[in-house]
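Counting from 1, the numbers follow the sequence of the chain as shown. Atoms within each ligand, like the ligands themselves, are counted from 1 in listed order.
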Amino acid sequence: MATPQQKVNLLGLDPAGLEAFFHEQGEKAFRARQVLQWIHQHGISDFAGMTNLGKALRARLQEMAEVRPPEVMMRKSSRDGTRKWLLRLDGGSAVEAVYIPEEGRGTLCVSSQVGCALDCSFCSTAQLGLSRNMTAAEIIGQFWIARRELWLETGDDRAITNVVLMGMGEPLLNFNQVLPAMQLMLDDNAYGLSRRRVTLSTAGVVPAMDRLRDACDVSLAVSLHAPNDALRDELVPLNRKFPLAELMAACRRYVKDRSHKTHITFEYVMLDGVNDQPEHARALVGLLRDLPAKVNLIPFNPFPGTRYRRSPDDVIRRFQDTLHHAGIRTITRRTRGDDIDAACGQLVGEVTGRGKRIGGAARHAAGAVSA
Ligand code: SAH
């Protein structure tokens, strides 16, 4: 016997996908725009409320489709205004999204995978391994939920001005689900953010960086963390596959011949005595010389079992000075939301699959990349 067909979750369809969906239904393309606006701008998940669709169409959608975000398991607010949502996904895993309000902007940090396959030695998510890719609906669902809740509470439907794909996971290893989610962030019928305000962070999946440039040239952040291959091989094992020369060449291609002014943000986690010495700063200057670069220094956030320590403040300051003197724009990310475990390396994507907690993870969320 045939199993009943699963409903299509319209939340994760980008404009082209939604148009194709309505086309299959024998409906005109403008239906896609209407439904995009209902879902993403009005925050409506019930087809009955989509009043400019005919009754018959609404009934049909009710039957075959759904608008289903992840389920909110927990909310936390920090003294400094940072907020965190723990979201339950199908299958029992959970991921976290973090909202970081700052003067004149609000940044949402979203996850793209449950766990991560990359095994970076300073990152708590690495201990999880990869559980699974998130779907486009789950990725954009983090935005949908955060925007709606902030809106209901503060009356401001534009509290989220920036999005960073810097939560759990390597977004470029989940390209096909991340792409539609980003298209929705950018689309005027959905969230309408400018490319400058959507930042994808990668540990350096070189072929996918080229793919990203062609498909959706959002702002790029690269998790560098070391200025030479020997050290980077150790901190970011992906470097053995795509060493620095290849990574930097991909960065150059990413910013080449762009119609608008752009730069790449390089993230550099400050590990005491490991990558924070004057010679590392000088080597970094050499590496970034011919690139439009900004550097974000991230004070390491320790987690149980780690062998690393955070660099002392004066060491971070000296490192930053060296970059400044070479003319490289550099900021040190402030730790935000640490009282609710929402800072870099403190996010815990809890997992209760098969009654077992395999989670305990991730990452970062502090300060956010600039736009
Ligand atoms: N896989 C992608 C996206 C994740 S963002 C990437 O590597 O870019 C990951 C960021 O979180 C890294 O740039 C790193 O700076 C930060 N991070 C991870 N663990 C951290 C820790 N323990 N302390 C501070 N920052 C951490």
Exercise. Can Glu267 and Asn296 be said to form a side chain to side chain donor-acceptor pair (under 3.5 Å), step by step?
Worked result: CA-CA 5 Å; Glu267 296 158 278; Asn296 274 5; 6.0 Å; no
Exercise. Is ligand 1 under 4.0 Å from a heavy atom in the side chain of Asn301, in the backbone, in both, or in neither?
Worked result: both
For this session: Could you tell me whether some N/O pair between Phe122 and ligand 1 is separated by less than 3.5 angstrom?
Result: yes
For this session: Answer yes or no: is there an ion pair linking Arg75 with Glu149, defined by an N-O contact shorter than 4.0 Å?
Result: yes
Exercise. Where does the angle between the aromatic ring planes of Phe319 and Tyr268 fall among parallel (under 30°), tilted (30 to 60°) and perpendicular (over 60°)?
Worked result: tilted
Exercise. Would Glu138 and Arg132 pass as an ion pair if we require N to O under 4.0 Å?
Worked result: yes
For this session: From the options Val218, Val205, Asp217, select the one residue that forms a side-chain contact (heavy atoms from CB on, under 4.5 Å) with Leu212.
Result: Val218
Exercise. Of all the atoms in ligand 1, which lie at a distance below 4.0 Å from a heavy atom belonging to Ala203?
Worked result: 6 (C), 7 (O), 8 (O)
For this session: Quick one: look at Thr202 and ligand 1, take heavy-atom pairs under 4.0 Å, and tell me if it's side chain, backbone, both or neither.
Result: backbone
For this session: Report, in ascending order of atom number, the atoms of ligand 1 lying under 4.0 Å from any heavy atom of Met166.
Result: 5 (S)
For this session: Please verify whether a non-hydrogen atom of Gly204 lies at under 4.0 Å from ligand 1.
Result: no
For this session: Between Glu267 and ligand 1, find which residue part has any heavy-atom pair under 4.0 Å and reply side chain, backbone, both or neither.
Result: side chain
Problem set entry | Ion pair Asp90/Arg68, N-O distance below 4.0 Å | yes
Exercise. Are Arg317 and Asp321 ion-paired here, with the side-chain N under 4.0 Å from a carboxylate O?
Worked result: no
Exercise. Short list, please: which atoms of ligand 1 are under 4.0 Å from a heavy atom of Glu170?
Worked result: 1 (N), 2 (C), 6 (C)
For this session: List every atom of ligand 1 that sits less than 4.0 Å from any heavy atom of Gly167, numbering the atoms from 1 in the order shown and giving each element.
Result: 4 (C)
For this session: Show which atoms of ligand 1 fall inside a sub-4.0 Å distance from at least one heavy-atom site of Ile298.
Result: 15 (O), 24 (C), 25 (N)
Exercise. Is it the case that Arg211 places NZ or CZ above or below the six-membered ring of Phe175, under 6.0 angstrom from the centre and within 45 degrees of the axis?
Worked result: yes
Exercise. When you look for heavy atoms under 4.0 Å from ligand 1, do you find them on the side chain of His225, its backbone, both, or neither?
Worked result: side chain
Problem set entry | Whether Gly169 lies under 4.0 Å from ligand 1, heavy atom | yes
